[in-house]
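Below is one structure; the comments refer to it alone.
Both counts, for ligands and for their atoms, begin at 1 and track the order of listing.
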Amino acid sequence: MVKNPVQRVAAIHDLSGFGRASLTVVIPVLSSMGFKVCPIPTAVLSTHSQFKNYRFVDLTDHIPGIMQHWKELSLTFDAIYSGFLGSARQIDMMVEFINEFKNGDETLVMVDPVLGDNGKLYGPFDNEMVEEMRKLVQKADIITPNITEVGLLLEDNPTLITNTKDTIKAIDKLTAMGPEIVVVTSVPDEEGRTAVVAYNRNDGRYWKVPVDYLPAAFPGTGDTFASVLLGSILQGDNLPMSLDRATHFISHGVRSTFGFDYDEKEGILLEKVLPTLKTPVQLSSYEVLKKE
Ligand code: PXL
C-alpha cells in the first residue's frame, strides 16, 4: 500500500502576515512542487522582523499540545523542516519533535538555522538562541545556513566567513557536528559572484553553484531557497541538480522583481515564478569543487 500518496512535510516556521518569509513562502513552494505541508507556526507576526514596529505573538506554549495531538493521531512525515523559531525553548521542542517523528531513513530532517543575515543577528534573537541552534543542527540530515549563520554557529562571529576557502573549512566543522549534507548560501566568490557551496559526507564531494551578484537584498530568499532544495531532493533529484534548481529559482525570482516600483522588504514576487517549479531544471551550472 502507498504510505503517504502525497509526501508530507512537517514545517515548523513562523507565520509573518506581510513580507514574503517563512510559512508564506514554504507552503506555496512545496505545494507547487506536489507536497503536502503540515505547518506548526512558531510565532505569528504582523510582518517579518525587517519592518519597524512589527507585532510578535510567541506560540511556544502551544506547541507541546499540537505535538501531543499529532502523536495521538500517529501521524508520519516524509520530511521535517524547521526554520525561524520563536524562542530558545522552541529549539528543545524541535529536538523532541525529531526524536518522536523521525522514522529512520524514511524521514528527511532539514534544519534551516535561521539566525541572521548580512553579518548581523536578526533583531528578535540573542546568544542563547545561537547556543540552542547548535543542538538542533546536530539532529539534522541537511542544514542550509548562510555565511552569517555559519560564523555564528561556529564561533559566535557573524562576519567570520568571507570567501569560498573559509566556507569549505567551515563546512568540514559543521558536518562533524552531525549533518550529512551542509549547504552554505551567499558565499562571495573570487569572480565577484555569489555562490552556493555544498558538501555531501556520503560521497565526499563538494559542489558550487555560482550566480551573478545582484545588488538587492530581498528578505525570505533563504526560506525560498531551502524550500525548493527540500522539494527537489524529496522528488528524487540528486544534490547538484537540487542546488541548481534552488539557486536559479532565486535568481529568476529576483530578476522578475527588479524594475517595479517596489519595496525590497516585501521580498521577491514569488507568484510570478512559482509555475517554473513544475518544469525540469532548465539551467545547470554546478561545478565540482576541489579541496585544496
Ligand atoms: O527569512 C527569515 C525570516 C523568517 N521569519 C522572520 C524573519 C526572517 C528574517 O528577517 O524576520 C519573522
Is it true that a side-chain atom of N103 and a backbone atom of T107 form a donor plus acceptor pair closer than 3.5 Å?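 Answer holds: no.
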Salt bridge flag under 4.0 Å for residues R134 and E131: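 Salt bridge: no.
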Counting each atom of ligand 1 from 1 as listed, which ones have a heavy atom of Y122 under 4.0 Å away?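 Numbered from 1, ligand 1 contributes 9 (C), 10 (O).
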What atoms of ligand 1 come closer than 4.0 angstrom to any heavy atom of Q50?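 Selected atoms, number and element: 9 (C), 10 (O).
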Considering all heavy atoms of both residues, which atom of V29 and which atom of T224 are nearest to each other, and what is their separation?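 Closest heavy-atom pair between V29 and T224: CG2-CG2, 4.2 Å.
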Nearest atoms (heavy-atom pairs only) where H13 meets S22: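 Shortest heavy-atom contact: CB-CB, 4.0 Å.
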Looking only at protein heavy atoms, identify the closest one to atom 2 (C) of ligand 1 and say how far it is in Å.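 Result for atom 2 (C) of ligand 1: D223 OD2, 3.5 Å.
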Among protein heavy atoms, which lies nearest atom 5 (N) of ligand 1, and at what distance?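 Ranking protein heavy atoms by distance from atom 5 (N) of ligand 1, first comes D14 OD1, 2.7 Å.
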Aromatic ring centroids of F77 and F35 under 6.0 Å?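 Aromatic pair excluded; centres sit 6.0 Å or further apart.
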Could you establish whether S16 and ligand 1 come within less than 4.0 Å of each other, counting only heavy atoms on the residue side?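 S16: in contact with ligand 1 (<4.0 Å).
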Between P219 and ligand 1, which part of the residue brings a heavy atom under 4.0 Å of the ligand: side chain, backbone, both or neither?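 No part of P219 is near ligand 1 at this cut-off.
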Is the shortest N/O to N/O distance between S49 and ligand 1 below 3.5 Å?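 Min N/O separation from ligand 1 is below 3.5 Å for S49.
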